[in-house]
Amino acid sequence: MLTLTENASTIVKAITEQTSSADSAGLRFSPNVAGGQGLDVAPVEAPEPGDQVVEEGGAKVYLEETAAVALGEQILDAAVDESGTVQFSIAPQNGATVAG
């Protein structure tokens, strides 16, 4: 199952607190709607039926079924660059780094 770093948990909580006051709010990862590679990430009020729920450090991440398969056994990290843009990255839990 996907795990979150402390940075990712902090950033996910900050994003969801800025976009919703719902206790169930989180970030949802789903396949790219344009049909490209990668995943779309969007703040949501609650998970959709069938979503895998990952909760760590008070942060909630919802994974659509395809995203859950793609991100299984991965570590999600996040950082904010100088312009304020959030960058998510994933790495296998065995320690090798993969940019996402």
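- A search for side-chain contact (heavy atoms from CB on, under 4.5 Å) contacts involving Leu39 returns Phe29, Ala67, Leu71, not counting sequence neighbours.
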> Passes side-chain contact (heavy atoms from CB on, under 4.5 Å), Ile15 versus Val86? Steps please.
Replying inline: CA-CA 10 Å; Ile15 291 170; Val86 175; 4.1 Å; yes
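- Gln74 places no side-chain N or O within 3.5 Å of a backbone atom of Leu2 that could act as its donor or acceptor partner.
- For Asp77, the salt bridge (Lys or Arg N to Asp or Glu O under 4.0 Å) test picks out no residue, with sequence neighbours left out.
- Taking Ile, Leu, Val, Met, Phe, Trp and Tyr as members and joining any whose side-chain heavy atoms lie under 4.5 Å apart, directly or through other members, the hydrophobic cluster of Val44 also contains Val53, Tyr62.
- In this view, Ser83 and Asp81, Thr85 satisfy the side chain to side chain donor-acceptor pair (under 3.5 Å) rule, not counting sequence neighbours.
- With sequence neighbours left out, the salt bridge (Lys or Arg N to Asp or Glu O under 4.0 Å) criterion links Glu65 to no other residue.
- Residues Met1 and Gln52 come closest through the heavy atom pair CG-OE1, 3.9 Å.
- Here Ser20 pairs with Glu45 under the side chain to side chain donor-acceptor pair (under 3.5 Å) rule; sequence neighbours left out.
- Judged as a side-chain contact (heavy atoms from CB on, under 4.5 Å), and not counting sequence neighbours, Asp23 has no contacts.
- For Ala42, there are no side-chain contact (heavy atoms from CB on, under 4.5 Å) partners two or more places apart in sequence or in a different chain.
- With rounding to the nearest 0.5 Å, the separation of CG in Leu76 from OG in Ser89 is 7.0 Å.
- For Lys13, the salt bridge (Lys or Arg N to Asp or Glu O under 4.0 Å) criterion is met by no residue, not counting sequence neighbours.
- For Thr19 against Pro43, the heavy-atom pair with the smallest separation is OG1-CB, 3.4 Å.
- One finds the CG atom of Leu4 at 8.5 Å from the CZ atom of Phe88 (value rounded to the nearest 0.5 Å).
- Applying the salt bridge (charged side-chain N to carboxylate O under 4.0 Å, His left out) test to residues at least two apart or on different chains, the pairs with a partner in residues 47-60 are Arg28-Glu48, Arg28-Asp51, Glu55-Lys60.
- For Thr66, the side-chain contact (heavy atoms from CB on, under 4.5 Å) partners at least two apart in sequence or on another chain are Pro31, Glu64.
- Residues Thr16 and Leu27 approach most closely at CG2-N, 3.8 Å, considering heavy atoms.
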